[in-house]
*Asks:* 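Got a structure for you, written out below as structure tokens; questions coming shortly.
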There are 2 protein chains.
Amino acid sequence: MRELTRAEEEVMQILWKIKKGFVKEILERFDEPKPAYNTVSTIVRILQDKGFVTHKAYGRTHEYYPVVSKNDYSKSQLKTFVNDYFSNSFEKMVSFFAKEKSISVKEMEDIMKIMEDEVEKQKVKR
Amino acid sequence: MRELTRAEEEVMQILWKIKKGFVKEILERFDEPKPAYNTVSTIVRILQDKGFVTHKAYGRTHEYYPVVSKNDYSKSQLKTFVNDYFSNSFEKMVSFFAKEKSISVKEMEDIMKIMEDEVEKQKVKR
DNA sequence: GTTGCATAACTAATTTATTCGTTGTATATT
DNA sequence: AATATACAACGAATAAATTAGTTATGCAAC
């Protein structure tokens with residue numbers, strides 16, 4: 001999956017949030033100082049070329065919406081990250097952050113609960 | 001912490017791996033097609049300006065080594081990622097990947113073990 | 001000392017990304 | 001129908017990143 005540049009990612013984050021929108025609506029979601037209308041319009045068209053969004057035309061105006069979901073993109077991004085920084089091991093990554101105390105006890109307990117359920121589910125399947 | 005560009009990250013990954021090295025040694029680690037010596041030299045000097053590496057001079061030649069550890073950089077990167085894609089919740093991220101089956105049962109079991117230990121450690125401290 | 005080689009520093013060239021002005025066209029307004 | 005408005009498309013201008021040529025300096029070999 002192609003990478004998003006900074007500017008492109010910012011637009012995607014907005015589109016993921018609002019689900020669909022006209023350039024004008026995307027522009028509104030930008031923090032000050034807002035870019036020019038044309039800047040957003042250009043970025044959106046680049047995103048379309050890259051296959052991240054598509055549009056529905058209402059006469060002359062276009063309503064854009066994501067084709068690549070935030071989940072799919074984040075999956076691909078984290079995969080690259082885990083590969084580059086934790087030799088492709090999720091376990092290494094998670095345990096690193098657990099030991100670094102970047103994950104609170106509460107979070108760890110919640111994660112463990114989810115994992116227990118998942119492990120159970122996988123076992124049942126067999 | 002500043003971000004690394006693609007080219008910069010590639011050099012850092014090499015430096016993190018070899019611990020320290022002269023430009024020539026860094027160059028050797030590149031896959032074909034290797035960039036020009038000067039390209040690597042420039043990137044390393046940019047990394048120095050950005051504070052990611054420093055050097056020890058042996059006469060006219062410089063031996064470069066990382067100032068920012070791979071751990072520190074990955075921590076900062078993942079923090080940004082979790083913030084942007086999982087509203088700053090580690091738990092959301094990990095459980096998303098657990099449910100996506102990007103984490104194997106074996107990995108989950110190992111992670112749970114580590115978390116149990118960590119939770120225990122945290123509790124003892126109080 | 002002179003020549004040749006290795007290297008860092010500097011700088012130019014190229015590529016990629018970002019930003020936005022201009023233009024043309026469709027639609028709405030009068 | 002004429003004018004105004006809104007928008008997408010285009011493309012120019014700028015900025016940032018990447019790549020590598022050129023230059024200057026130090027050191028080694030002779």
Side-chain angles (χ1 to χ4, degrees), chain A residues 1-15 18 20-68 73 76-77 80 84, chain B residues 1-15 18 20-68 73 76-77 80 84:
Chain A
M1 183 174 307
R2 294 199 57 187
E3 286 244 340
L4 296 171
T5 67
R6 267 240 165 288
E8 288 162 4
E9 184 174 349
E10 206 166 347
V11 169
M12 284 307 292
Q13 288 283 2
I14 291 171
L15 272 178
I18 67 181
K20 60 184 166 48
F22 299 93
V23 173
K24 210 195 202 175
E25 295 171 333
I26 297 169
L27 180 57
E28 279 164 9
R29 297 299 185 118
F30 268 86
D31 289 336
E32 298 294 346
K34 294 187 200 301
Y37 178 97
N38 290 331
T39 304
V40 176
S41 164
T42 302
I43 296 170
V44 163
R45 247 168 314 110
I46 291 169
L47 285 170
Q48 193 168 241
D49 288 348
K50 284 192 173 183
F52 280 89
V53 310
T54 185
H55 75 266
K56 204 180 200 169
Y58 291 98
R60 193 159 164 67
T61 86
H62 294 181
E63 186 172 41
Y64 293 92
Y65 50 94
V67 166
V68 174
Y73 187 68
S76 138
Q77 284 300 100
T80 304
D84 292 349
Chain B
M1 181 176 306
R2 295 197 57 189
E3 286 244 340
L4 297 171
T5 66
R6 266 238 168 287
E8 289 162 6
E9 185 175 345
E10 205 165 349
V11 169
M12 284 307 294
Q13 289 283 3
I14 291 171
L15 272 178
I18 67 180
K20 60 184 165 50
F22 300 92
V23 172
K24 213 204 227 176
E25 295 170 333
I26 297 169
L27 181 56
E28 280 163 8
R29 296 301 184 119
F30 268 86
D31 289 334
E32 299 295 348
K34 293 187 200 301
Y37 178 98
N38 289 331
T39 302
V40 176
S41 165
T42 301
I43 296 172
V44 161
R45 248 170 312 108
I46 291 170
L47 285 169
Q48 193 169 241
D49 288 347
K50 285 193 171 181
F52 280 89
V53 311
T54 185
H55 76 264
K56 203 179 198 168
Y58 292 98
R60 193 159 164 66
T61 85
H62 295 180
E63 187 172 41
Y64 294 93
Y65 49 94
V67 166
V68 174
Y73 186 68
S76 138
Q77 285 300 99
T80 304
D84 292 349

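Throughout, protein chains are lettered first and strands after them, A, B, ... in sequence-line order, and every chain is numbered starting at 1.
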*Asks:* Atom NE2 of A:His55 to atom P of D:dA8: distance rounded to whole Å?
*Replies:* 9 Å

*Asks:* List the residues meeting side-chain hydrogen bond (donor to acceptor under 3.5 Å, both in side chains) with B:Glu10, not counting sequence neighbours, and say none if there are none.
*Replies:* none

*Asks:* Figure out the OH/P separation between B:Tyr64 and C:dT7, and round it to whole Å.
*Replies:* 12 Å

*Asks:* Report the residues that fulfil side chain to side chain contact (heavy atoms under 4.5 Å, CB included) with B:Thr80, sequence neighbours left out, ordered by chain and then residue number.
*Replies:* B:Asp84

*Asks:* Of the options C:dT19, D:dA20, C:dA9, whose atoms approach the side-chain atoms of B:Pro35 most closely?
*Replies:* D:dA20

*Asks:* Return the set of residues passing side chain to side chain contact (heavy atoms under 4.5 Å, CB included) with A:Tyr65 (not counting sequence neighbours), or none when no residue passes.
*Replies:* A:Lys20, A:Thr54, A:Lys56

*Asks:* Heavy atoms within less than 4.0 Å of DNA chain D: which residues of residues 36-54 of chain A have one? Give them sorted by number.
*Replies:* A:Tyr37, A:Asn38, A:Thr42, A:Arg45

*Asks:* Does anything in residues 21-30 of chain B form a side chain to side chain donor-acceptor pair (under 3.5 Å)? List the pairs, not counting sequence neighbours.
*Replies:* none

*Asks:* Which whole-number value in Å describes the distance from A:Tyr58 OH to D:dA8 C1'?
*Replies:* 17 Å

*Asks:* With a 3.5 Å cut-off and sequence neighbours excluded, list the donor-acceptor pairs that the side chains of residues 36-43 of chain A form with protein atoms.
*Replies:*
from, atom 1, to, atom 2, distance (Å)
A:Ser41, OG, A:Arg45, NH2, 3.1
A:Thr42, OG1, A:Asn38, O, 2.8

*Asks:* Who passes side-chain hydrogen bond (donor to acceptor under 3.5 Å, both in side chains) against B:Glu3, sequence neighbours left out?
*Replies:* none

*Asks:* Does a side chain donor of either A:His55 or A:Gln48 reach within less than 3.5 Å of an acceptor in the other side chain?
*Replies:* yes

*Asks:* Base contacts versus sugar-phosphate-only contacts with protein, heavy atoms under 4.0 Å: please encode nucleotides 24-30 of chain D as B, S and - from 5' to 3'.
*Replies:* BBS----

*Asks:* For B:Pro66, enumerate each residue passing the side chain to side chain contact (heavy atoms under 4.5 Å, CB included) test, keeping only those at least two apart in sequence or located in another chain.
*Replies:* B:Met12, B:Leu15, B:Trp16

*Asks:* What pairs with B:Lys50 under salt bridge (charged side-chain N to carboxylate O under 4.0 Å, His left out), at least two apart in sequence or on another chain?
*Replies:* B:Glu8

*Asks:* So if I take residues 21-33 of chain A and measure heavy-atom distances to DNA chain D, which residues fall below 4.0 Å?
*Replies:* A:Val23, A:Lys24

*Asks:* Does A:Lys34 have any side chain to side chain contact (heavy atoms under 4.5 Å, CB included) partners at least two apart in sequence or in another chain, and if so, which?
*Replies:* A:Leu27, A:Phe30, A:Glu32

